[in-house]
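Report on the following structure.
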Amino acid sequence: MELRGPVVAVEEPRTVSTRNGSRDVAEVTMRPGRGEEPPVTVSLWGSWAETAESLVTGMTVLVTEPSQEEFRGETRYATTAESYVVIEPEFMVNVTDIREWVQCSRQYYLSKFTGASLSYPLVKGSLVHEVFGDLLRGRDLETSVEERVADAGLKLGLLDRDRTAVVEDVRSNAQAIERWLQQGTLTEDDEWRSELTLISETFGIKGRADAVRRGGPVELKTGKNTDAEPRFKDKVQATCYALLLGEHGQTPETGTLLYTKNAVLDRTEETGDLSPAKEFSISSGLLQFVVRARNELVAMEFDSSVPTGYESNAICEYCFEQDTCMVVSGRLDQESKAGAVGTALPAAEREYFDRLYRAAEAERREIHREYAKLWTQSAAERAADDKALLDLQPQERSQRANGTWELRAENDDTTAVSKIREGETVLASDGHPTRGDTELARVVRLRTSTDGTTEIVVHADEPIELRRLDVYPSDYGINGLLTAVHDSVLKGAQRRRDLLFGRRDPTFGETDATFIDNNAAQNRAVELAVTAEDCALIHGPPGTGKTYTLAQTVRALCERGERVLLSAFTNRAVDNALEQLREQGFTDFVRIGTEHGVSDSMQDARLDYRGDPEERAATLRNAPVVAGTAATCGSPVLKECAFDVAIVDEAGQLTEPDTLAAINLADRFVLVGDHEQLPPVVRDDDSALQTSLFERLIDRYPDAAVTLDKQYRMAQRIQYFSSQTFYDGQLRPASPAVAGQQLSELPTVSHEALPSALQDAVAFVDPDGTATGNVNRTEAERVAEIVDAYRSAGVPADDIGVIAPFRAQVAEITRRVSPDITVDTVDRFQGSDRSVIIVSFVATGTLDSPIFEDRRRVNVALTRAKKALCLVGDERALRSDPFYERMLEWAQS
DNA sequence: CCTCTGCCCAGAGGA
């Protein structure tokens with residue numbers, strides 16, 4: 001039994017005398033049943049009274065195993081010896097965060113923006129952990145060490161480490177583990193499981209245990225510890241996993257910590273029986289302690305306040321982060337137990353940091369809310385929301401060369417739609433993502449064959465029965481945002497900050513060179529980029545040759561001996577830019593990205609991290625051009641690199657921190673984009689992250705910007721509405737040929753064969769359908785008929801694209817057209833084009849979905865078409881809004 | 001009432 005719901009009132013804790021002596025108690029009023037039931041009073045006894053001090057009205061509180069008694073006709077509840085009190089159980093805290101918080105609340109805070117740096121102890125720690133996993137999966141030690149060290153080649157090279165020495169170092173740690181595993185500890189009832197993903201819906205904690213043996217957590221530490229007891233924070237970590245294992249039906253009484261360096265000392269110093277393994281007993285007091293620590297952390301995050309360090313008992317003099325801690329306190333004018341050094345940054349910088357910090361944390365809370373839906377939603381609800389694939393039939397399981405598993409399954413449900421795509425990380429389970437046997441897995445194949453069955457292949461650490469896949473809502477990227485803001489504000493050069501905070505206009509040098517002789521705006525763009533002493537902004541409306549201009553810019557900069565970072569929001573845009581460079585005869589670049597993210601044609605340029613350290617690092621360090629998405633620019637590897645100029649494409653779609661991650665790596669920068677197309681996508685509706693740096697700077701420094709005004713894509717008739725509505729009529733066809741292009745120019749097309757309704761370059765069709773939710777069946781059928789009409793008139797399938805605002809409608813249309821027709825959402829169509837574009841608006845009666853509010857989305861949809869555009873929708877709905885009415889008048893004119 | 005893309009996930013250590 002449990003009580004879960006919002007807090008209505010909290011009383012101050014008081015001390016009362018009971019039969020067993022004096023005890024603290026605090027009374028909390030809350031509404032159980034997630035707020036559906038009338039308020040009840042719960043007495044929080046003993047140390048839970050401390051948690052009451054963190055409770056605020058409006059928070060959700062969860063009390064497990066309460067006692068219940070009737071008192072004067074009123075039901076009263078109280079905590080029992082078995083109870084836990086959990087604040088905001090939907091806020092998912094990582095086990096490592098609790099470990100850090102217990103060590104020092106301020107260290108937890110600092111690690112949000114300093115955590116992901118490249119250091120040898122960390123790389124080595126990861127290597128030893130990987131080898132440990134391999135050993136548990138039965139892999140040979142020598143092979144594992146060699147392979148894992150080879151995989152880390154680039155990182156080791158950037159750290160100037162010698163391969164042989166690292167192999168020796170990792171091997172000696174791993175041998176300690178192997179000897180311990182062989183020392184009779186491996187009995188028949190020894191059941192091992194490595195790398196177990198644990199998610200607790202009761203405690204709001206998630207994490208990954210290194211290993212579980214006989215139901216108890218085993219944590220590996222690469223350091224040494226010759227004390228009798230494990231370090232407290234290590235015990236806290238293991239206890240967290242014990243708590244989570246408890247929810248999965250196991251009640252471990254002991255935890256094990258493996259300090260591998262103990263055994264290394266043992267061997268080299270002949271100190272006798274100094275075992276690497278230290279066991280400790282997991283008491284209920286310790287279990288409750290970790291929950292209280294989590295509660296404190298969550299209470300702090302609830303109002304986005306900043307920890308001072310006084311929340312924990314750490315001694316600052318012993319802390320490795322003391323200097324960083326004091327600098328951050330000094331620069332941001334924060335109260336801190338460690339004290340502060342340096343002078344505070346200008347108020348503008350501090351306000352900016354604060355604003356983006358809060359925005360990033362709000363985003364994290366939204367992700368956590370999504371996370372909680374893993375268990376608050378039923379399987380059917382999740383499937384309906386496209387977030388899960390259910391009822392998969394498990395097929396064969398095979399162990400891969402590195403000891404991990406390839407799991408296969410089939411799905412017969414031909415109507416199943418989901419957001420899950422190849423290359424993504426998902427929760428793979430045997431039935432339920434938090435209650436069943438679950439593995440974090442990577443989707444390597446998701447293909448639907450012509451008979452409608454879907455083949456699913458994932459890679460995971462353990463051979464579970466693959467019956468269900470769930471979207472994994474990761475908050476992984478949030479700390480990346482915070483790191484970028486931190487690096488920019490606290491570590492950025494004065495000149496750069498003056499620019500970002502509007503205190504200094506960008507300046508430009510001079511050049512006599514001509515770069516592009518047939519397009520003045522493009523030439524001006526390259527000129528601005530090449531002469532920029534701070535930044536240049538290139539505004540590229542649809543079809544204006546952004547990619548060509550960008551490639552010319554890269555080449556011009558390289559010819560001047562500059563080192564260039566080439567970045568973009570999507571992998572596709574990065575690869576497009578590189579293709580364009582190749583077409584222009586430039587091939588001296590290195591592509592950074594995952595095998596899955598990089599297009600097939602660019603795999604040969606992709607930097608493999610595996611190999612000889614020195615050679616790998618030299619390849620990266622010596623490349624005149626390095627290319628990768630903005631997200632990778634914040635990675636530890638790229639943070640080791642420096643550039644003269646960063647060029648960022650699709651900058652209008654990047655949040656400000658994401659853009660900062662890229663430009664932090666360079667002295668100067670060039671942003672390329674269009675703020676009249678799609679903005680950054682964020683979960684929180686009123687987020688400060690919704691405005692891109694590109695948009696902010698183009699408003700602030702119009703003189704540093706140039707707009708490419710000639711478009712090479714659309715017929716005059718098609719581009720007119722977009723040009724008038726979004727570009728002040730400044731967007732013009734690049735040539736008469738572009739302006740006057742017609743569908744009949746395609747060799748196979750007969751204009752006469754088109755129905756009269758489709759003969760105009762811009763057409764409107766009202767199929768008179770009815771929308772149910774995000775689907776309009778009649779309209780989907782009509783769209784399929786229109787596709788057929790174009791096909792019958794001779795338009796090749798790959799010249800036709802269909803766009804709909806909702807994924808559900810996309811699926812509805814996809815089922816009705818042949819598979820070689822591209823059907824997609826607006827967002828996924830940005831950046832590409834087709835001769836013929838058909839847009840399905842879905843809505844009938846009114847336009848009440850917020851998706852119609854952002855006009856920029858319409859701009860993207862309409863400007864994908866080159867020769868013919870067909871709008872399909874409900875005339876009444878579209879006329880209900882002045883913007884769409886104008887669009888309709890243009891289409892019908 | 002809704003769209004989307006990136007990140008391998010989370011954690012790897014020091015005293």
Side-chain angles (χ1 to χ4, degrees), chain A residues 94-97 99-100 103 111 115-130 132 152 195 197-198 206-210 219-225 227 231 233-234 237 259-261 315 317-321 385-386 419 421 423-427 439-443 459-461 472 474-481 568-574 593-597 628-636 650 653-655 658 661 678-683 685 773-774 804-808 810 824-830 842-843 848-854 857:
Chain A
N94 293 334
V95 170
T96 44
D97 287 342
R99 171 190 152 106
E100 223 155 21
Q103 167 96 344
S111 72
S117 58
L118 196 61
S119 79
Y120 181 63
L122 295 190
V123 174
K124 179 185 135 187
S126 301
L127 286 170
V128 175
H129 273 78
E130 285 164 5
F132 177 51
E195 297 281 355
T197 301
L198 294 160
K206 65 182 158 82
R208 222 153 130 85
D210 286 342
E219 275 303 297
L220 185 65
K221 299 290 157 196
T222 320
K224 64 171 181 186
N225 175 18
D227 300 341
R231 265 186 288 272
K233 64 174 182 182
D234 296 341
Q237 186 176 7
Y259 294 98
T260 58
K261 204 160 175 204
I315 301 164
E317 298 156 53
Y318 299 157
C319 178
F320 281 88
E321 304 290 358
D385 271 6
D386 303 347
K419 301 181 177 196
R421 285 194 279 266
E424 287 183 354
T425 302
V426 293
L427 284 168
E439 279 284 309
L440 217 57
R442 193 163 181 78
V443 180
H459 286 170
D461 283 343
Y472 182 80
S474 164
D475 64 356
Y476 181 76
I478 300 295
N479 287 0
L481 302 182
F569 176 48
T570 60
N571 274 307
R572 197 169 61 179
V574 174
T594 59
E595 193 181 347
H596 217 99
T629 58
T632 27
C633 289
S635 71
E650 297 182 325
Q653 281 175 274
L654 284 165
T655 66
D658 278 322
L678 294 177
V681 173
V682 287
R683 288 179 157 89
D685 285 343
N774 297 326
F806 312 115
R807 203 175 26 241
V810 166
D824 231 323
T825 55
V826 186
D827 302 62
R828 284 167 64 82
F829 235 105
Q830 176 151 345
V842 183
D848 52 2
S849 171
I851 196 155
F852 295 108
E853 279 167 26
D854 200 332
R857 193 169 261 109

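Lettering of chains follows the sequences in order, A, B, ..., and the numbering in each one begins at 1. Note that the coordinates shown come from a computational prediction; the quantities given were computed from them, not determined experimentally.
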Is [X] close enough to [N] that one of its side-chain N or O atoms is under 4.0 Å from OP1 or OP2 there?
| X | N | answer |
| --- | --- | --- |
| A/Asn774 | B/dC2 | yes |
| A/Tyr259 | B/dG13 | no |
| A/Arg421 | B/dT5 | yes |
| A/Tyr476 | B/dC7 | no |
| A/Arg208 | B/dA12 | no |
| A/Gln237 | B/dA12 | yes |
| A/His129 | B/dG11 | no |
| A/Arg828 | B/dT5 | yes |
| A/Asn571 | B/dC7 | yes |
| A/Thr825 | B/dC4 | yes |
| A/Lys206 | B/dA10 | yes |
| A/Thr96 | B/dA12 | no |

Using a 4.0 Å heavy-atom cut-off, does [X] contact any base of the nucleic acid, only the sugar-phosphate backbone, or nothing at all?
| X | result |
| --- | --- |
| A/Arg807 | sugar-phosphate |
| A/Pro680 | nothing |
| A/Gln830 | nothing |
| A/Asp210 | sugar-phosphate |
| A/Val682 | nothing |
| A/Thr197 | nothing |

Tell me the interatomic distance from [X], atom [atom1], to [N], atom [atom2], rounded to whole angstroms.
| X | N | atom1 | atom2 | result |
| --- | --- | --- | --- | --- |
| A/Asn479 | B/dC7 | CG | C1' | 12 Å |
| A/Lys221 | B/dA15 | NZ | P | 15 Å |
| A/Glu853 | B/dT3 | CD | P | 14 Å |
| A/Arg857 | B/dC4 | CZ | P | 8 Å |
| A/Tyr472 | B/dC8 | OH | C1' | 11 Å |
| A/Asp385 | B/dC1 | CG | P | 12 Å |
| A/Glu130 | B/dG11 | CD | C1' | 11 Å |
| A/Arg99 | B/dA12 | CZ | P | 7 Å |

Among [options], which nucleotide has an atom closest to any side-chain atom of [X]?
| X | options | result |
| --- | --- | --- |
| A/Thr425 | B/dA15, B/dG13, B/dC9 | B/dC9 |
| A/Ser474 | B/dA10, B/dG11, B/dG6 | B/dA10 |
| A/Thr570 | B/dT3, B/dC8, B/dT5 | B/dT5 |

Applying side chain to side chain donor-acceptor pair (under 3.5 Å) to A/Ser111 and A/Glu100, what does each step give before you reach the verdict? CA-CA 9 Å; A/Ser111 72; A/Glu100 223 155 21; 3.1 Å; yes

Could you check whether [X] pairs with [Y] (Lys NZ or Arg NE/NH1/NH2 to Asp/Glu carboxylate O, under 4.0 Å)?
| X | Y | answer |
| --- | --- | --- |
| A/Asp824 | A/Arg807 | no |
| A/Asp461 | A/Arg208 | yes |
| A/Asp385 | A/Lys419 | no |

A/Thr632 vs A/Thr629, test: side chain to side chain donor-acceptor pair (under 3.5 Å). Steps then yes/no. CA-CA 5 Å; A/Thr632 27; A/Thr629 58; 3.0 Å; yes

Are A/Glu650 and A/Gln830 linked by a side-chain donor-acceptor pair shorter than 3.5 Å?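 The criterion, which ignores hydrogens and geometry beyond distance, is not satisfied for A/Gln830 and A/Glu650.
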
Expressed in whole Å, how much space separates the P atoms belonging to B/dA15 and B/dG11?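 These two P atoms come out 22 Å apart once rounded.
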
B/dA12 and B/dC8, which share atom name C1', separated by this distance in whole Å: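 After rounding to an integer number of Å, I get 15 Å for this pair.
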
Residue closer to the 5' end of DNA chain B, A/Lys233 versus A/Leu440 (nearest nucleotide):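 The residue mapped nearer the 5' terminus is A/Leu440.
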
Of A/Phe806 and A/Ala631, whose closest DNA chain B nucleotide lies nearer the 5' terminus?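 The 5'-side residue here is A/Phe806.
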
Taking the side chain as every heavy atom from C-beta outward, state whether A/Phe806 and A/Thr825 have any atom pair closer than 4.5 Å.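 The answer is no, as the side chains (C-beta and beyond) never meet within the 4.5 Å cut-off.
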
